[in-house]
Amino acid sequence: MDRMSPSSRAFATAQVQAGYDAGIAEHTAVPSIHQSNAFEFRSLSEARDLFALRRDGNIYSRAANPTVLVFEKRVAELEGGVAAAGVASGQAAVAIALLALARQGEHIVAARQLYGGTVDLLQDTFADWGIEVTFVDQDDTDAWAAAVRPTTRAFFAESITNPIAQVLDVRAVADLAHRAGVPLVIDATVATPYLQRVKDLGADITVHSATKFLGGHGTSLGGVIVDLGTFDFTAEPERWPQLTRTYPRVPTGSLVERFGATGSPYIALVKTKYVHDLGPSLSAFNAFQLLQGLETLDLRIARHSASALEVARFLEGHDAVARVHHPGLESSRWHALAMEYLPRGASSVFAFDLPGSDDAEADFALVEAFIARLRLVKLVANIGDARSLVAHPSSMTHSHLSPAQLADAGITPTTIRLSIGLEDPADIVADLAQALVGVTTSPAARAAAAASASQLAASSAR
């Protein structure tokens, strides 16, 4: 009796293996979820070649997975890049993108107007690993140039900052990075490749928290690193030994020799060393959900941006609001850059300030009471969701920053961050208007605000 034939094998064998052939393609119209830890090899020779990086293919989902590969290829094409690496989160994307460039004893120049978690990473964890970071005002080109050292290996900034929505002069900073002989790495999470392709402005590598707008629905963590193919690591090969010298995991030579003509040596390093060794892998299921989000990216971002500008204009005209930070407003310091660099629309993540005082507890109570009155806009530590979200940076996302760092980033105790979602903008405005009633200082202003909120609520109800 043939114990391997389907008719004769035991129940325990059948329950594990029946009905599946690893070599059959199903030709699904939608990318499949390849929810498998590992992949079957056709021969030991094939396995040997894959492990030695002589052949491309799937080994183990920690470093590569077919569903994740579709996501990587799609984002790379949207950015105009040559290759991408999907990882477990946006924070992982930032960390690994920079670790692949700067090693112990080397140096990074970064904008000081960064998301609070990124500042924590760069000033604390990178310091533990012996990588120095100099923070500069992103608008000060002289500061970028002055911060360069012989050991500098990257410039890093956000193209639109979180939460103040400052617009980076990407072209100017890219020119300075290239003059220093290093790549410009851009966190393009807020802009997305729909509003701005930073490759066209001189950037070399881009990272995204795909958790945010790329996915768009607040369901799945993910990050992605894209090599835009613009930086020549062979121009000064001694600066990049991790790419240009013999790589122990490629027995026949360097990553440049193995992948320089057909792919990205940089992304190969990201995947085969940092994702492989540290394990911040993007799951197949999350990659599938992020792909679903990508299919509507342009439609969603257009709505997000238009609604946010409408909300920002309402807030700018409200007497209970001290200041609005949105580059689409003519009053913004970054309006001219937004018009130049963001022709499809500006940020839907922006901030505004309530009137402050010298009493920190009173300022916190003012913000807390305002947020408590909101009904539609939700208090959530996220951005880029289909839902409109609010956060208080100084006590939440940027709470680890010193008072000086908060001031440098333009964040006050009464700064409130908004991420405008896909709801009807009239409803969002009405909710903000009714919540602002308690913030106004004079009885006449309070009455006017209440009347305005009532009118907006009635209008949105119709």
Side-chain angles (χ1 to χ4, degrees), residues 90-91 94 110-125 133 135-139 157-158 160-168 187 189-190 209 211-212 308 311-312 315-316 318 320-327 329 331-334 347-374 377-385 387-420 431-432 435-436 438-441:
Q91 190 79 334
V94 173
R112 67 189 184 200
Q113 296 93 338
L114 295 174
Y115 163 65
T118 305
V119 176
D120 291 341
L121 168 72
L122 298 183
Q123 74 178 6
D124 292 342
T125 303
V133 180
F135 293 95
V136 300
D137 180 352
Q138 69 176 40
D139 296 328
E158 297 170 9
I160 302 176
T161 67
N162 169 10
I164 302 298
Q166 297 178 222
V167 180
L168 180 73
D187 184 336
T189 295
V190 175
S209 174
T211 310
K212 311 305 193 295
V311 172
L315 290 170
E316 188 176 43
H318 200 290
V321 175
R323 186 178 181 186
V324 181
H325 308 273
H326 190 291
L329 299 174
S331 58
S332 170
R333 173 181 169 186
W334 297 279
S347 176
S348 61
V349 175
F350 69 99
F352 67 98
D353 295 344
L354 296 179
S357 68
D358 293 328
D359 185 335
E361 288 303 314
D363 287 345
F364 181 83
L366 179 72
V367 173
E368 185 173 36
F370 164 77
I371 290 175
R373 288 190 292 270
L374 292 168
V377 183
K378 307 302 182 184
L379 179 60
V380 175
N382 192 25
I383 60 173
D385 199 318
R387 286 147 287 277
S388 290
L389 311 176
V390 65
H392 182 229
S394 66
S395 69
M396 294 174 62
T397 55
H398 293 67
S399 60
H400 298 161
L401 273 61
S402 69
Q405 287 176 311
L406 288 169
D408 286 343
I411 298 169
T412 75
T414 60
T415 298
I416 296 170
R417 184 186 74 186
L418 290 173
S419 176
I420 300 303
D431 191 37
L432 292 168
L436 285 166
V439 177
T440 53
T441 54

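By the side chain to side chain contact (heavy atoms under 4.5 Å, CB included) test, S357 is found to be paired with D359, A362, D363, residues two or more places apart in sequence or in another chain being considered. Scored by the side chain to side chain contact (heavy atoms under 4.5 Å, CB included) test, T211 finds S209, L221, N382 as partners (sequence neighbours excluded). Not counting sequence neighbours, the partners of A409 by the side chain to side chain contact (heavy atoms under 4.5 Å, CB included) test are I411. Under the ring pair (Phe, Tyr, Trp, His ring centres under 6.0 Å) criterion, H392 pairs with F364, sequence neighbours left out. Under the salt bridge (Lys or Arg N to Asp or Glu O under 4.0 Å) criterion, D385 pairs with R387, not counting sequence neighbours. For F135, there are no ring pair (Phe, Tyr, Trp, His ring centres under 6.0 Å) partners two or more places apart in sequence or in a different chain.
Nearest heavy atom pair, residue A391 against residue L379, reads CA-CD1, 4.2 Å. The two residues I164 and G410 come nearest to each other via the heavy atoms CD1-O, 3.4 Å. Pairing each heavy atom of V167 with each of W334, the nearest pair is O-CD1, 3.5 Å. In this structure, V324 and L329 approach most closely via the heavy-atom pair CG1-CD1, 3.6 Å. The minimum heavy-atom distance between A308 and F350, with the atom names listed, is O-CE2, 3.8 Å. Taking all atoms of both residues into account, the shortest heavy-atom contact from P355 to L366 is O-CD2, 3.3 Å.
At a threshold of 4.5 Å between non-hydrogen side-chain atoms, the residues L354 and L436 count as touching. Between R112 and D137 there is a side-chain heavy-atom pair separated by less than 4.5 Å. Counting only heavy atoms from C-beta outward, the side chains of D139 and R333 approach each other to under 4.5 Å.
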ask   = Please walk me through it: do R373 and V439 pass side chain to side chain contact (heavy atoms under 4.5 Å, CB included)?
value = CA-CA 11 Å; R373 288 190 292 270; V439 177; 3.5 Å; yes

key: Stepwise side chain to side chain contact (heavy atoms under 4.5 Å, CB included) test for V349 and T189   = CA-CA 10 Å; V349 175; T189 295; over 6 Å; no

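Under the 3.5 Å distance criterion, the side-chain polar atoms of H325 are left unmatched by any main-chain donor or acceptor of A165. Formation of a donor-acceptor pair under 3.5 Å by the D431 side chain with backbone atoms of V377 is found in this model. In terms of modelled atom types and a separation under 3.5 Å, the side chain of T414 and the main chain of D353 share no donor-acceptor contact. Side-chain atoms of Q113 never come within 3.5 Å of backbone atoms of Q166 as a donor-acceptor pair (strictly under, hydrogens ignored). In this structure, Q91 contributes its side chain and G117 its backbone to a donor-acceptor pair below 3.5 Å.
Interatomic distance, CZ of R417 versus NE2 of H398, reported as 7.5 Å (0.5 Å rounding). Taking CG from L432 and CG from L418, the interatomic distance works out to 6.0 Å, rounded to the nearest 0.5 Å. From Q138, atom CD reaches atom CD of E158 across 8.0 Å, with rounding to the nearest 0.5 Å. A distance of 9.0 Å separates CG in N162 from CG in D187, rounded to the nearest 0.5 Å. Here E316 contributes atom CD and H326 contributes atom NE2; the two are 10.5 Å apart, rounded to the nearest 0.5 Å. Here S419 contributes atom OG and I383 contributes atom CD1; the two are 6.0 Å apart, rounded to the nearest 0.5 Å.
In the displayed structure, D124 atom CG is contacted under 6.0 Å by more than 12 heavy atoms of other residues, nucleotides or ligands.
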